[in-house]
Colleague: 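Here it is, the structure, as structure tokens.
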Amino acid sequence: MSGARETQIRVSEIFGPTIQGEGILIGLPTVFVRTGGCDYRCSWCDSLHAVDSEYREQWLPMTVDGIWEEVTRLSGGKPLMVSLSGGNPAIQPLGGLIAHGHERGYRFALETQGSVAKEWFADLDVLVLSPKPPSSGMATDFDAFENCLGMAADGPEIALKIVVFDDRDYAYAREAATRYPDLPVYLQPGNHTPPPPDDDDARVDIDGIMDRMLWLVDKVTEDRWFEARVLPQLHVLLWGNKRGV
């Protein structure tokens, strides 16, 4: 375990406590550990500061102890949910951090597109798999996705979360949900005005996002897709594109 605690993890930012803004844990008080780096480059990415290698000099190499010192400071030492995000946090060696936090009563959720599988997925409390729809410009490798499910096994609670911008994305979400009928599915209207990496005060088109959400609600109800849950990005509604909230 001492070796795992000395492993360097690339961290873009650590912030909170705030609420989880989307998906299965929406509204839950959370501290976020956002890692740096991603194997995808989605056309509408809203966290390019943690994805684009242009910003890698801003990503700090941190040990488990260094990360945990900040998580403890932010949480006041009171256990809560820690969300591991990115970029794609699955490319980082996070097993030691999860074990360290569990020993102190904290819980861990991770969101990933399902392109990289790790053995420590089984140690998570919540695993959100968010395969990227056609509007992202990325193609889903469902063999890799299956490997992620296999690594998680019966460990964490698992959910699907799919961003939807248009009819093609909606059809993709229906297909993905059909592939994995035992997983709860959360649909999220896409933010077509994501922030530039250096400007978290950039305009966000809330009206446009809400129009898309209304369209999405109409789609699932008209199709009698009663298993799907349609949720907004609550943090975008509250704070727009601001970072660290």
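Every value quoted in this text rests on a predicted model; they were computed, and no experiment measured them.
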Colleague: Provide the closest heavy-atom pair for R212 versus P189 in the form atom of the first, atom of the second, distance.
Modeller: CG-CB, 3.9 Å
Colleague: Please find the pair of heavy atoms, one from C45 and one from P194, that lie closest to each other, and give the distance.
Modeller: O-CB, 3.6 Å
Colleague: Count I, L, V, M, F, W, Y as connected when their side-chain heavy atoms are under 4.5 Å apart, and connections chain through other members. Are L129 and I98 then in the same cluster?
Modeller: yes
Colleague: Can you give me the closest heavy-atom contact between Q8 and P61, atom names plus distance?
Modeller: OE1-CB, 3.1 Å
Colleague: Might you work through the side chain to side chain contact (heavy atoms under 4.5 Å, CB included) test for V204 and I209, ending with a clear yes or no?
Modeller: CA-CA 9 Å; V204 58; I209 294 170; 3.8 Å; yes
Colleague: Applying side chain to side chain contact (heavy atoms under 4.5 Å, CB included), name anything that partners I91, two or more places apart in sequence or on another chain.
Modeller: R10, D39, N88, V116
Colleague: About how many Å separate OG of S12 and CZ of R56, when rounded to the nearest 0.5 Å?
Modeller: 12.0 Å
Colleague: Could you identify which residues cluster with F226, counting Ile, Leu, Val, Met, Phe, Trp and Tyr as linked when any side-chain heavy atoms lie under 4.5 Å apart, either directly or through a chain of such contacts?
Modeller: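 Besides F226, the cluster holds no residue at all.
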Colleague: Rounded at 0.5 Å granularity, tell me how far CG in L94 sits from CH2 in W120.
Modeller: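 It is 4.0 Å, given to the nearest 0.5 Å.
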Colleague: Taking side chain to side chain contact (heavy atoms under 4.5 Å, CB included) as the test, write out the residues that go with E175, two or more places apart.
Modeller: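 Side chain to side chain contact (heavy atoms under 4.5 Å, CB included) check on E175 returns R179.
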Colleague: Check side chain to side chain contact (heavy atoms under 4.5 Å, CB included) between T30 and all other residues, then give those that pass, not counting sequence neighbours.
Modeller: Q20, L28, F32, M81, S83
Colleague: Looking at W59 and H49, would you say the former's side chain and the latter's main chain have a donor-acceptor pair under 3.5 Å?
Modeller: yes
Colleague: Before giving the answer on side chain to side chain contact (heavy atoms under 4.5 Å, CB included), spell out for L237 and M210 the whole-Å C-alpha distance, their side-chain angles and the decisive distance to 0.1 Å.
Modeller: CA-CA 9 Å; L237 298 184; M210 293 307 296; 3.8 Å; yes
Colleague: Between D52 and Y55, is there a donor-acceptor pair closer than 3.5 Å when you use the side chain of the first and the backbone of the second?
Modeller: no
Colleague: For a quick test of reading the model, state the closest non-hydrogen atom pair linking L80 to P17 and the distance between them.
Modeller: CD1-CB, 4.0 Å
Colleague: So, taking the atom named CE in M138 and the one named OG in S43, what distance separates them when rounded to the nearest 0.5 Å?
Modeller: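 Going from CE on M138 over to OG on S43, the span is 9.5 Å.
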Colleague: Please report the interatomic distance CG(L110) to OG(S130), rounded to the nearest 0.5 Å.
Modeller: 11.5 Å
Colleague: Flag yes if I9 and V51 sit in one hydrophobic cluster, no otherwise; membership is Ile, Leu, Val, Met, Phe, Trp, Tyr, and two members link when side-chain heavy atoms are under 4.5 Å apart.
Modeller: no
Colleague: Under the salt bridge (charged side-chain N to carboxylate O under 4.0 Å, His left out) rule, what pairs show up with a residue in residues 222-232, not counting sequence neighbours?
Modeller: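 Applying salt bridge (charged side-chain N to carboxylate O under 4.0 Å, His left out) to every pair that reaches into residues 222-232, excluding sequence neighbours, yields R174-D223.
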Colleague: Looking only at side-chain N and O atoms, does W44 offer a donor or acceptor that is under 3.5 Å from a partner on S135?
Modeller: yes
Colleague: Got a sec, which pairs hit salt bridge (charged side-chain N to carboxylate O under 4.0 Å, His left out) with one end in residues 18-36, sequence neighbours left out?
Modeller: E13-R34, E22-K161
Colleague: For the hydrophobic clusters of this structure (ILVMFWY residues joined by side-chain heavy atoms under 4.5 Å, transitively), does one cluster hold both L60 and L74?
Modeller: yes
Colleague: How far does CD1 of I14 sit from CD of E70, to the nearest 0.5 angstrom?
Modeller: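 So the gap between those two atoms works out to 5.5 Å.
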Colleague: State which residues pass side chain to side chain contact (heavy atoms under 4.5 Å, CB included) with P134; sequence neighbours excluded, sorted by chain then number.
Modeller: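 For P134 the side chain to side chain contact (heavy atoms under 4.5 Å, CB included) partners, ignoring immediate neighbours, are R168, D169, Y172.
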Colleague: Output a table of donor-acceptor pairs, distance under 3.5 Å, between side-chain atoms of residues 213-221 and any protein atom two or more places apart or on a different chain; print 'none' if there are none.
Modeller:
| residue | atom | partner | partner atom | Å |
| --- | --- | --- | --- | --- |
| K219 | NZ | D167 | OD1 | 3.1 |
| T221 | OG1 | V217 | O | 2.9 |
| T221 | OG1 | D218 | O | 3.1 |

Colleague: Which pairs count as salt bridge (charged side-chain N to carboxylate O under 4.0 Å, His left out) when at least one residue sits in residues 121-133, sequence neighbours excluded?
Modeller: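 For residues 121-133, and leaving out neighbouring residues, there are no salt bridge (charged side-chain N to carboxylate O under 4.0 Å, His left out) pairs at all.
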Colleague: Do the side chain of T193 and the main chain of D205 share a donor and acceptor less than 3.5 angstrom apart?
Modeller: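 Yes, T193 side chain to D205 backbone: donor-acceptor pair under 3.5 Å.
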Colleague: Would you say Q233 and D46 make side-chain contact, with heavy atoms under 4.5 Å?
Modeller: yes
Colleague: Less than 6.0 Å separating the ring centroids of W225 and Y170?
Modeller: yes
Colleague: To the nearest 0.5 angstrom, please state how far the NZ atom of K118 sits from the CE atom of M151.
Modeller: 9.5 Å
Colleague: Can you tell me which residue pairs pass the ring-ring contact (aromatic ring centres under 6.0 Å, His included) test with a partner in residues 176-197, sequence neighbours excluded?
Modeller: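 For residues 176-197, and leaving out neighbouring residues, the ring-ring contact (aromatic ring centres under 6.0 Å, His included) pairs sorted by first residue read F145-Y180.
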Colleague: Does the pair F108 and V126 meet the rule for a side chain to side chain contact (heavy atoms under 4.5 Å, CB included), with working shown?
Modeller: CA-CA 6 Å; F108 288 84; V126 179; over 6 Å; no
Colleague: Please determine whether residues Y40 and L84 belong to a single hydrophobic cluster, defined as Ile, Leu, Val, Met, Phe, Trp and Tyr linked transitively by side-chain heavy-atom distances below 4.5 Å.
Modeller: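 As far as the 4.5 Å side-chain criterion goes, L84 and Y40 are not connected within one cluster.
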Colleague: Could you verify whether a donor N or O on one side chain and an acceptor N or O on the other, from N191 and N241, lie under 3.5 Å apart?
Modeller: yes
Colleague: I162, L183: one ILVMFWY side-chain cluster at the under-4.5 Å cut-off?
Modeller: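 Yes, it is one cluster - the side chains of I162 and L183 are joined through contacts under 4.5 Å.
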Colleague: My understanding is that only residues two or more places apart in sequence, or in another chain, count here; which of them pass side chain to side chain donor-acceptor pair (under 3.5 Å) with E69?
Modeller: none
Colleague: Please report the shortest heavy-atom distance between S47 and G87, naming the atom on each side.
Modeller: OG-N, 3.9 Å
Colleague: Run the side chain to side chain contact (heavy atoms under 4.5 Å, CB included) check on T18 and W239 step by step: do they pass?
Modeller: CA-CA 12 Å; T18 184; W239 296 294; 3.7 Å; yes
Colleague: Does T72 have any side chain to side chain donor-acceptor pair (under 3.5 Å) partners at least two apart in sequence or in another chain, and if so, which?
Modeller: W68
Colleague: So, for V163 and G190, which heavy atoms are closest and what is the spacing to 0.1 Å?
Modeller: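 Minimum heavy-atom separation between V163 and G190: CG1-CA, 3.6 Å.
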